[in-house]
A.B. asks: 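For reference, the structure I am asking about is given below.
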Amino acid sequence: MPAARESLLDAAYTALTERAWTAVRMVDVAAAAGVSRQTLYNEFGSKEGLARALVRRETDNYLAGVARALSQGSPAAGARHDAAGRVAAAAAWTLRTARANPLVRAVLTGCWSDRLPAPAAAGAAPPPANRPGIPAQRTAPSGDGPLPGPAELVGRFCDQAVAALEPDWPEEQLPALCAACETAARLTLACVVAPVTPGAAPSAGCVPARRSRRELETEAVSRLVRGAFARMPADAQPEGEHC
C-alpha cells in the first residue's frame, strides 16, 4: 500500500478513536497525514470512500491475524496436529481485536454505533465533483462493493481454519473438520456478541487468584472451541495422531 494512503488511513483511524465519524473532517485527516486535501480526495474519492477503505483495511488486518494464529505451532513436532489449540488461538485473537478495534467489532457483530461510519453511508456514491469548497473527486474504484458483514467473516474464519488444518487430515474426514471449524467460528462470534465471563466457585479454604475479564473471556472461548473439536467422531483425527 502506498505510504500516503497508509498514512491517511492511520490518520483517519486515530481521528475516529478521538471523536465520532460525523465530526471527523477530511481537511484534518489530510493535515494529520501530512498531505494535501486534494491528495486525500484523489486517493479515496470522498469521505465515504475513506470510511469504506478504512473498514476494509481493519478487516483485512484482523483476518491476517487469524491466519497467523492458525499457523502457530505448525513447525513444532507434536504441536502441528493440535487443531483445536490453533483454532482456539484464532478465536482468542478475534476476542482481543474486537475489544480493541471498534470497526472490527462492528463488522463482526453488525452493530454500528453512532460514532462509527454507517455501513450504508460507507457504500454510498461520492458527492458531485464540482461541489463548492471540495476538491475534485474521483469515482470510487471499480469492484469496491459492499462492506463485509458477520456472515462473511464467519465464513472466512472457517475457510482459513480449514485451509490451515486440512493438510494433516485424512481426506475422508474433511467434512467433520469443516463442521468443527464452522461450529468454532460461530461460537467465537457468539462470544464477541455476548462476552462470556465464567466464574467457578472456589474450593473450601482456597483463595482464587484475581483474574482479568480478558483472561476469563479467552478461557471461555478456548473451552468452547476445544469442545467443538472434542465432539468430532473418534476416527476423525489428523494423520499421525491415531491411537
Side-chain angles (χ1 to χ4, degrees), residues 1-69 90 93-157 159-160 189 192-193:
M1 180 179 292
R5 182 180 178 89
E6 186 69 14
S7 295
L8 285 164
L9 291 174
D10 287 342
Y13 184 82
T14 298
L16 183 60
T17 64
E18 298 171 346
R19 53 192 178 274
W21 183 251
T22 54
V24 173
R25 301 192 309 163
M26 295 288 271
V27 63
D28 294 333
V29 172
V35 302
S36 69
R37 189 167 53 146
Q38 181 66 65
T39 297
L40 174 55
Y41 280 104
N42 287 344
E43 190 65 49
F44 299 104
S46 66
K47 186 177 180 181
E48 289 75 19
L50 173 62
R52 187 167 52 248
L54 181 60
V55 173
R56 288 189 180 282
R57 184 189 72 164
E58 300 308 305
T59 302
D60 288 345
N61 287 345
Y62 155 68
L63 290 170
V66 170
R68 287 193 299 271
W93 161 258
T94 298
L95 288 186
R96 291 196 304 273
T97 307
R99 276 192 300 263
N101 191 315
L103 290 176
V104 172
R105 180 177 178 82
V107 175
L108 281 167
T109 63
C111 298
W112 295 78
S113 76
D114 294 340
R115 291 185 55 83
L116 302 178
N130 296 326
R131 183 175 171 183
I134 295 182
Q137 303 171 31
R138 65 171 176 79
T139 303
S142 59
D144 194 9
L147 295 174
E152 180 178 340
L153 286 193
V154 166
R156 293 180 70 177
F157 181 111
D159 291 345
Q160 288 188 194
L189 178 59
V192 172
V193 173

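What you see is a predicted model, and the numbers here were worked out from it, not measured in a lab.
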A.B. asks: Report yes if some heavy atom in the side chain of Leu153 is under 4.5 Å from a heavy atom in the side chain of Leu63; otherwise report no.
C.D. replies: yes
A.B. asks: Closest approach of Pro150 and Gly110, non-hydrogen atoms and distance?
C.D. replies: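 Closest approach of Pro150 to Gly110, heavy atoms only: CG-N, 3.6 Å.
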A.B. asks: For the backbone of Val192 and the side chain of Arg105, can you confirm whether one donor and one acceptor N or O come within less than 3.5 Å of each other?
C.D. replies: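 Side chain of Arg105 to backbone of Val192: a pair is present.
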A.B. asks: Report yes if the side chains of Tyr41 and Ser36 come closer than 4.5 Å at any heavy-atom pair, otherwise no.
C.D. replies: no
A.B. asks: To the nearest 0.5 Å, how far apart are CG in Leu116 and SG in Cys111?
C.D. replies: 11.0 Å
A.B. asks: Does a side-chain heavy-atom distance below 4.5 Å link Asn101 with Asn61?
C.D. replies: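 Asn101 vs Asn61: side chains apart.
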A.B. asks: Do Trp93 side-chain atoms and Ala67 backbone N/O form a donor-acceptor pair below 3.5 Å?
C.D. replies: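 Absent.
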A.B. asks: Please report the shortest heavy-atom distance between Pro117 and Trp112, naming the atom on each side.
C.D. replies: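 The pair with the smallest heavy-atom distance is O-CE3, 3.1 Å.
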A.B. asks: Can you find a pair of side-chain heavy atoms, one from Leu9 and one from Leu50, that are under 4.5 Å apart?
C.D. replies: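 They are in contact (side-chain heavy atoms under 4.5 Å apart), so the answer is yes.
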A.B. asks: Could you tell me whether Arg52 and Glu48 make a salt bridge, using a distance below 4.0 angstrom between a side-chain N and a carboxylate O?
C.D. replies: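 So Arg52 does not pair with Glu48 through a salt bridge.
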A.B. asks: For Thr97 and Thr94, does a side-chain donor sit closer than 3.5 Å to a side-chain acceptor?
C.D. replies: no
A.B. asks: Side chains of Phe44 and Leu54: closer than 4.5 Å at any heavy-atom pair?
C.D. replies: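 Sidechains of Leu54 and Phe44: no contact.
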A.B. asks: Mark yes or no for whether Lys47, through its side chain, and Trp21, through its backbone, hold a donor-acceptor pair below 3.5 Å.
C.D. replies: yes
A.B. asks: To check you understand the geometry: which heavy-atom pair defines the closest contact between Ala30 and Leu8, and what is its length?
C.D. replies: CA-CD2, 4.0 Å
A.B. asks: For residues Ala11 and Val29, report the shortest heavy-atom separation together with the two atoms involved.
C.D. replies: CB-O, 3.6 Å
A.B. asks: Got a second to check how far Leu103's CG is from Leu108's CG, nearest 0.5 Å?
C.D. replies: 11.0 Å
A.B. asks: Return yes if some donor-acceptor pair links the side-chain N/O of Thr14 with the main-chain N/O of Asp10 below 3.5 Å, else return no.
C.D. replies: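 Between the backbone of Asp10 and the side chain of Thr14 there is a qualifying donor-acceptor contact (under 3.5 Å).
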A.B. asks: Answer yes or no: is there a donor N or O on one side and an acceptor on the other, between the side chain of Gln160 and the main chain of Val66, under 3.5 Å?
C.D. replies: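 Such a contact is absent between Gln160 side chain and Val66 backbone.
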A.B. asks: From Tyr62 OH over to Arg96 CZ, what is the distance, rounded to the nearest 0.5 angstrom?
C.D. replies: 11.0 Å
A.B. asks: Ignoring hydrogens and geometry, is there a side-chain-to-backbone donor-acceptor pair from Arg115 to Arg19 under 3.5 Å?
C.D. replies: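 A pair under 3.5 Å: yes.
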A.B. asks: Is the closest basic N to carboxylate O distance between Arg37 and Asp28 below 4.0 Å?
C.D. replies: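 No, this pair does not count.
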A.B. asks: Do Val55 and Val107 make a side-chain contact, defined as non-hydrogen atoms from C-beta onward lying under 4.5 Å apart?
C.D. replies: yes
